[in-house]
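Single-structure report; data block below.
The structure presented is a predicted model; accordingly, all values stated were derived computationally and were not measured. Values below: all heavy atoms of this structure, side chains included; hydrogens, waters and symmetry mates excluded. By convention in this document, chain letters (A, B, ...) are assigned in the order of the sequence lines, proteins followed by strands, and residues within each chain are numbered from 1.
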Amino acid sequence: MKNSYDHSGVESKWQQRWEEEQLYAADEDSEKEKRYVLDMYPYPSGAGLHVGHVEGYTATDIYTRYLRMRGYNVLHPIGWDAFGLPAENYAVKTGIHPKETTDSSIKNFIEQIKRLGLSYDWSREIGTHTPEYYKWTQWFFLLLYKNNLAYKKDAPVNWDPIDQTVLANEQVLADGTAERSGAVVEKRNMMQWFFKITDYAEALDADLDLVDWPESTITNQRNWIGKSEGAELQFPIVGKETEVITVFTTRPDTLYGATYMVMAPEHPLLDLLKGDITNWNEVAAYVKESASKSDIERSAEGKEKSGVRLEGVMAINPATKEEIPIFIADYVLGHYGTGAIMAVPAHDERDWEFAKKYNCAIREVIERTDAPAPFTGNGILKNSGTCSGMESLQAKSAITEMVGGHMKTTYRLRDWLIGRQRYWGAPIPIVYDPEGNPHPIPEEHLPWLLPTDVDFEPKGYSPLSRSKELHARTEKIFGTGWTPEVDTMDTFVCSSWYFFRFADPHNEQAFASAEQIKKWLPVDLYVGGAEHTVLHLLYARFFTKVLHTLGYISFSEPFLKLRHPGTILAEDGRKMSKSLNNVVNPNDVVDQYGADAVRMYEMFMGPLADMKPWSTQNISGVRRFLEKVWRLQASVGDEANATADSVLHYTVKKVGDDIESQKFNTAISQLMICLNALQSAPLSRAQWSTFIRILAPFAPHMTEELWEKIGEEGSIHSAPWPQYDADAFAQESAPYAVQVNGKVRGTITLKSGVSEQEAIEQAKAVSNVAAYLNGKEIKRTVFVAGRLINFVV
RNA sequence: GCCGGGAUGGUGAAAUCGGUAAACACGCGACACUUAAAAUGUCGUGAGCAUUUGCUCUUGUGGGUUCAAGUCCCACUCCCGGCACCA
């Protein structure tokens, strides 16, 4: 077609030239103000890029290109989250080494990304599976280990029977299935490596106040951390001088209503009381049964609670001095609070239910008017000794103090299990002496290489244990009888610090130099999927806070501003999936419509954060817009299009503002409005130059070609963003709505400086309005400058 | 159950501070160009009534505040995401 725009020729021409010129490399020596714009680096899957990647990457690319034109020194890097299970599972099936599949997937990703014209600084590319990178992942492990933030513990853990590895709590969904494999997770007791993220629970919660993140992401993280303020109280045990039961409660004000106690079946005190418990067989059986169940299984069995009373032992309510019975029940969780509770059946639904079933005493200690029990609200205390008559909120600290307890904050967050019984990950840099004690591998032996002489078949224990090379290496360096740690690290460890590496990707002395970190970090804008709310985004914050406390960095939050692109659904409104055969492949649409059109379409679909369905029909609208732009170059001459000038100035402002707030859909609308205006008459070279420059971040290839065609030197993407003149679009006159009783009855055009009186005068004269006002008394007149006049009759 | 977000034409959506709802597109219809089609261009397009200038209704449902509500308040329905025996 003669008139139409040849996207493939133009796009490949410029992609090649940009690469040769390293046009998008961040400038280390520049004095210009920095900006760090980051995409969540992808897992390089065999399936290649999907349209969801394109959405987020285009958003940051537009923003990045805009910032460069505005004179910022921008860091916009990309890399690969390259360790992980899909490649390893593929290796199990085919025998092809994961490194091979990963590297070929990366190659494919690079090709696809380059075809989209994304302006990454390729000189900073990283891959977490390279020894140069995982050397520092291991260094981070040792840093945490040396600072008592990494420990090994025999603990009940989540076991994924399909992927044959343990998982972090964050990788198990609410329904008890594994986030990755979909398998129902089993509970196992295993010796495992943990990071002590709980040390940072308070900071992780509090510092969410410091960041500009989506509200839902902040709340979800808060929920996960689960901060809860209450009190720790001690209940003596009858006949025991040394032992007490410590409980955590958010309602110390209801202490007088505590008529029994419940401990988790795994509570350590149980062993000490063993000799006094007369029904030990029954108790032991219950403990054994509940130990075999995961938390999910415990709660999945419905709200029907079970428990066993410890016969022969009693506790003492420290407020009433009454002797009260003790139960064990699996609705009390061993890992939360102190693993024991005081039960207040009158004012807690769970305790109420349990008390009804096991015939426990129920005593109301809060005044209330309505009958149905239990009452969980606040109110005036009763039956509470000297505290009766107090307001329950005030009584919290008073009662706590009275019985010698203390106020206490607890968190739901648990430590991060980082060991994996799989091959394709960074080896944990630990060796064991012949007695089995762990020792950190000295830094000079890093990177501690992932051995290659292993079969990948998961057999319920780590494939690295089958590596002869790894064992030989360990003995050679550390001595006979020494053995290597054979678990590898969760890939989320690799991604917890990658954004630091981009600042200084080739440094061999440090994970990144202090100067380069200071120059580039923190990240100014971070864009990526919302599915990482309690995974990557929590872990990366944890690592950052550790570096902060240890004095490596001066800031405590890694990502100042975060945005999530919404899911792109298939044309049928369902999720894209291979099995539904409704996946849109970016390659195909780029072939057909060009990268510029695909980029602009994805931005034009709707607000970045919204879930939106793909529409092949709508992409042709954007393509049509680009063709109109292409044809407009024929109308460029010496004379300006006078009628379009104010629109053009306004568009410069609007597009700039919208890019800064990531409202790309309305920016594109405005560009369309502007084009429609420019088409009305021939336009000047200056107008054309302005228009293609503000279009450049969206359609980088076509605008670069047009820039060259008007004989401009250098790249349009290095050209300055145009200035606008606010006077040019200041309205000399504005249309006013004329309302009678709030209903529009006519419109008039008034000069911008019009007086209220004159406006009212003219409004009354509008014939349709006059008819409505005829013979009626005007009770009130409302005048809103630039908008409307409203007569109330 | 609790927390967060949302619901606007046939479709994707827009609407600074409460101020003419539906911008910009898609689709559809008519016309122009063409032997014809495609492409392109012009006009029209929330619903209904009247068709001439107009009138009535309309932003999930029901109330309220206000001269004026998509926007603020109260109650509810449904959808999406998260958490869920967390004491």
- Message: So if I define the base as every atom that isn't primed, P, OP1 or OP2, how would nucleotides 63-71 of chain B read as a B/S/- string at a heavy-atom cutoff under 4.0 Å?
- Response: ----B----
- Message: How many whole angstroms separate atom CD1 of A:Ile619 from atom P of B:G27?
- Response: 13 Å
- Reading 5' to 3' through nucleotides 5-13 of chain B, protein heavy-atom contacts under 4.0 Å coded B for base, S for sugar-phosphate only, - for none: -------BS
- Message: So, using side chain to side chain contact (heavy atoms under 4.5 Å, CB included) as the criterion, who are the partners of A:Asn169 when residues are at least two apart?
- Response: A:Asn158, A:Trp224, A:Arg414
- For A:Lys561, all residues meeting side-chain hydrogen bond (donor to acceptor under 3.5 Å, both in side chains), sequence neighbours excluded: A:Gln662
- Could you list the residues that satisfy side chain to side chain contact (heavy atoms under 4.5 Å, CB included) with A:Ser661, not counting sequence neighbours? A:Lys663
- Message: Can you list everything that forms a side-chain hydrogen bond (donor to acceptor under 3.5 Å, both in side chains) with A:Glu202? Sequence neighbours excluded, please.
- Response: A:Lys227, A:Tyr411
- Check side-chain hydrogen bond (donor to acceptor under 3.5 Å, both in side chains) between A:Ser620 and all other residues, then give those that pass, not counting sequence neighbours. none
- Query: Excluding sequence neighbours, so at least two apart, what forms side chain to side chain contact (heavy atoms under 4.5 Å, CB included) with A:Tyr650?
  - Reply: A:Lys654, A:Gln670, A:Phe729
- Item | side-chain hydrogen bond (donor to acceptor under 3.5 Å, both in side chains) partners of residues 598-611 of chain A, not counting sequence neighbours, each pair once | A:Asp61-A:Arg599
- In chain order, what residues pass the side-chain hydrogen bond (donor to acceptor under 3.5 Å, both in side chains) check against A:Ser669, with sequence neighbours excluded? none
- So what is the 5' to 3' dot-bracket string for RNA chain B, if pairs are Watson-Crick or G-U wobble with both distances under 3.5 Å, crossing pairs use [ ] and | means the partner sits on another strand? (((((((..(((......[....)))((((((.......))))))((((....))))..(((((..]....))))))))))))....
- Message: Just to verify, what does A:Ala677 make a side chain to side chain contact (heavy atoms under 4.5 Å, CB included) with, not counting sequence neighbours?
- Response: A:Ala644, A:Val647
- Item | Between B:G41 and B:A68 - P atom distance, rounded Å | 45 Å
